[in-house]
Amino acid sequence: MADTTGLSIAHISQIERGRSNPSIKALRALSEALDVTIGWLFFHGEAPPPQEQGVVLRECFRRRLVFQEGMIVKELISPDLAHELEMLVVTFQPGSSSGDGAYTHAGHEGGLILEGMLDIWIDEQHFRLNAGDSFGFPSTRTHRFANPGDRIAKVLWVITPPNYLPHPAG
């Protein structure tokens, strides 16, 4: 895996044991090496009951992915990733951001600000959104996000298709 991804054996081991939060770049490398979506890599505990799989997802079975030492947490709320839709609840701590560099990926995305505020840059446009505001755009446009507030920002996020593999813009 280390040879295929370009990540060190030690780094992969730390990610596996939950001692390191992987960057988007590391997640992309791992998901491509395993031929799965990044969403598939989200941590999950026990499997839901068979009659609920693919239809219902209870909160206790959500997969979570933590970025920047807990500054951004993505919870997968889609019952599965076998269809055309990926749904997430993304929590941004105050001052957190997706980084200085914008990125792109295939598909479309949109969201609803549930709590707090979120700054969004799409191409050269900047938008400040508050609770109740929503957004949507083709993911092939360069974009990035930040929480400029002093409280958490919580966003219901929808991506289609569910193959979130961002690529640095440039």
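- Heavy atoms only, all atoms of each residue included: T140 and T104 are closest at O-CG2, 3.4 Å.
- L57 contributes atom CG, which lies 8.5 Å from atom CE of M87 (distance to the nearest 0.5 angstrom).
- In the hydrophobic cluster analysis, where Ile, Leu, Val, Met, Phe, Trp and Tyr join through side-chain heavy atoms closer than 4.5 angstrom, L112 is grouped together with V158.
- Distance OG/S139 to CD/E109: 3.5 Å, rounded to 0.5 Å.
- Here the CD-OG distance, from E86 to S78, works out to 6.0 Å after rounding to the nearest 0.5 Å.
- Summarising the geometry, atom NZ belonging to K74 is positioned 7.0 Å from atom CH2 belonging to W157; distances are rounded to the nearest 0.5 Å.
- In this structure, a donor-acceptor pair under 3.5 Å is absent between the side chains of S96 and N147.
- Taking CD1 of I122 as the reference point, atom CZ of F127 lies at 5.5 Å (rounded to 0.5 Å).
- Residues L129 and I120 meet the side-chain proximity criterion, which asks for heavy atoms closer than 4.5 Å.
- Hydrophobic clustering (ILVMFWY, side-chain heavy atoms < 4.5 Å, transitive): I72 and Y103 are in one cluster.
- At least one side-chain heavy atom of F92 sits under 4.5 Å from a side-chain heavy atom of L118.
- Transitive grouping of hydrophobic side chains (ILVMFWY, heavy atoms separated by less than 4.5 Å) brings L85 and I77 into a common cluster.
- In this structure, E115 does not pair ionically with R151, as no charged nitrogen and carboxylate oxygen lie closer than 4.0 Å.
- The number of heavy atoms from other shown groups lying within 6.0 Å of CD (E124) does not exceed 12.
- Separating the CG atom in D133 from the CD1 atom in I113 is a distance of 7.0 Å, to the nearest 0.5 Å.
- Using cut-offs of 30° and 60° on the angle between ring planes, the pair F135 and F145 is tilted.
- With ring centers used as reference points, H143 lies under 6.0 Å from F137.
- Connection of M117 to V73 is not established within any shared hydrophobic cluster, with ILVMFWY side chains joined at heavy-atom distances below 4.5 Å, either directly or through further cluster members.
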